[in-house]
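Protein chains get the first letters and strands the later ones, always in sequence-line order, with residue 1 at the start of each. No hydrogens, no waters, no symmetry mates; every other heavy atom, side chains included, goes into these values.
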There are 2 protein chains.
Amino acid sequence: MRLSTKGRYAVTAMLDLALQGGEGPVTLAEISETQGISLSYLEQLFACLRGKNLVRGVRGPGGGYYLGRTAENISIADIICAVDEWVEFTRCGGKKDCKDGKRCLTHNLWDDLSNEIFNFLGSITLAQLIERGGLKEEGCISEQDHDTPTLMPTSRTEAA
Amino acid sequence: MRLSTKGRYAVTAMLDLALQGGEGPVTLAEISETQGISLSYLEQLFACLRGKNLVRGVRGPGGGYYLGRTAENISIADIICAVDEWVEFTRCGGKKDCKDGKRCLTHNLWDDLSNEIFNFLGSITLAQLIERGGLKEEGCISEQDHDTPTLMPTSRTEAA
DNA sequence: TTATAACCAAGCAGTTAAGTAGGAAATAGC
DNA sequence: GCTATTTCCTACTTAACTGCTTGGTTATAA
């Protein structure tokens with residue numbers, strides 16, 4: 001799993017789109033202005049997002065972008081995977097040509113963890129983020145008071 | 001939160017160390033050999049890990065590395081944060097000099113998500129990973145038999 | 001004394017990030 | 001049809017980062 005600033009830009013832009021996308025399409029120029037991301041870079045990101053049907057572009061004057069599906073059906077993992085291409089790393093080249101079991105075991109453990117992270121991000125939707133964030137919106141200060149059971153991973157973590 | 005291949009290397013190395021660190025220290029040369037990571041790169045990673053007291057080095061012949069604490073007390077977030085320095089990104093420069101509330105709101109949402117990911121990774125310890133992974137060790141194949149409905153842990157290979 | 005292995009620092013090739021530049025194609029309003 | 005708008009597309013650029021190499025220095029067990 002790659003989680004870089006590129007993915008952050010994409011999530012930020014999608015959040016912006018979801019927030020103000022109620023009536024009519026949102027132009028990239030607006031997002032660029034609001035979020036401080038260069039227009040051309042946004043275009044590149046949205047080319048990726050469009051390729052995965054996460055957004056839908058409307059050309060011409062009055063055009064812009066819509067969400068490709070409802071915010072309830074777009075997960076953070078969807079967004080990040082669209083722009084940060086998943087690099088299928090080592091895991092012994094996909095085959096089991098490890099010299100001994102140790103290397104392969106370690107890679108398996110990492111693979112499991114990687115899937116865990118992926119599933120976790122896949123369980124968070126744009127709608128959830130917005131709904132949850134809206135509750136603490138007053139004051140524009142992010143106070144991280146964390147007793148939030150709603151977004152925590154499903155109970156696969158501690159047992160198998 | 002940054003989650004790059006650098007962090008993956010660090011987690012892999014720490015897993016290796018935890019796995020074979022029962023009796024005596026483990027040399028970086030062994031980890032390098034087993035995991036296929038260059039020795040010098042390991043040295044750089046372990047310099048970071050040592051700085052955060054996640055490992056303890058013993059010089060001289062017969063030397064090597066121990067875990068800095070028990071595997072139960074080392075989380076994945078600890079490891080990743082040690083090598084992938086947390087970049088405290090935008091959030092409007094830490095202050096609330098947003099032009100309007102929108103930008104700030106989006107940043108807050110990202111901040112929340114970022115904390116969520118961090119807490120998630122912080123809730124997984126090396127010991128948990130190993131204990132859980134050991135159960136499905138037979139065959140050296142990571143079988144993702146999670147019953148995740150919407151998520152596709154396998155479909156990212158064909159997403160290209 | 002010597003071999004071992006952690007420590008340290010400078011630098012390098014390749015990749016990626018993020019942005020720039022300059023368009024082409026679609027479309028609403030005139 | 002013309003024009004402005006806005007998506008869409010391609011190529012290039014600068015800076016940063018990754019992963020690795022080289023060449024050391026210390027500490028220490030034998």
C:dC7 phosphate, OP1 or OP2, under 4.0 Å from B:Tyr65 side-chain N/O: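 It does, given that an N or O in the side chain of B:Tyr65 lies less than 4.0 Å from OP1 or OP2 of C:dC7.
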Phosphate OP1/OP2 of D:dC8 contacted by A:Arg50 side-chain N/O (<4.0 Å):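 Yes, because at least one side-chain N or O of A:Arg50 sits under 4.0 Å from OP1 or OP2 of D:dC8.
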Roughly how many Å is it from [atom1] in [X] to [atom2] in [N], rounded to a whole number?
X: A:Asp84; N: C:dT16; atom1: CG; atom2: P; value: 11 Å
X: A:Ile80; N: C:dA17; atom1: CD1; atom2: P; value: 13 Å
X: A:Leu39; N: C:dA21; atom1: CG; atom2: P; value: 13 Å
X: A:Tyr9; N: C:dT16; atom1: OH; atom2: C1'; value: 14 Å
X: A:Arg59; N: D:dC8; atom1: CZ; atom2: C1'; value: 5 Å

Geometric class of the A:Tyr41/A:Tyr9 ring pair [parallel <30°, tilted 30-60°, perpendicular >60°]: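 Perpendicular.
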Shortest side-chain distance from A:Leu28, nucleotide among C:dA6, C:dG19, D:dT7: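 My answer, after comparing the listed nucleotides, is D:dT7.
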Side chain of A:Lys6 - closest among D:dT7, C:dA5, C:dA17: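 So the side chain of A:Lys6 is nearest to C:dA17.
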Proximity to DNA chain C (any heavy atom under 4.0 Å), residues of residues 40-47 of chain A only: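 Under 4.0 Å from DNA chain C: A:Ser40, A:Tyr41, A:Gln44.
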N-O pairing of A:Asp84 and A:Arg8 below 4.0 Å: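 A salt bridge is absent here (no side-chain N lies under 4.0 Å from a carboxylate O).
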Interatomic spacing from CZ in B:Arg56 to CG in B:Leu67 - rounded to 0.5 Å: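 Between B:Arg56 CZ and B:Leu67 CG, I get 9.5 Å after rounding to 0.5 Å.
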Comparing A:Pro61 and A:Gly7 on DNA chain C - which has the more 5′ nearest nucleotide: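 The residue whose closest nucleotide sits nearer the 5' end is A:Gly7.
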Side-chain H-bond candidate by donor/acceptor type, B:Ser40 with B:Glu43, under 3.5 Å: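 Side chains of B:Ser40 and B:Glu43: no pair found under 3.5 Å.
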B:Leu39 side chain reached by B:Ile31 side chain, heavy atoms, under 4.5 Å: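 No, side chains not in contact.
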Side chain to side chain, A:Phe118 and A:Ile80, heavy atoms closer than 4.5 Å: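 No, every pair of side-chain atoms sits at 4.5 Å or beyond.
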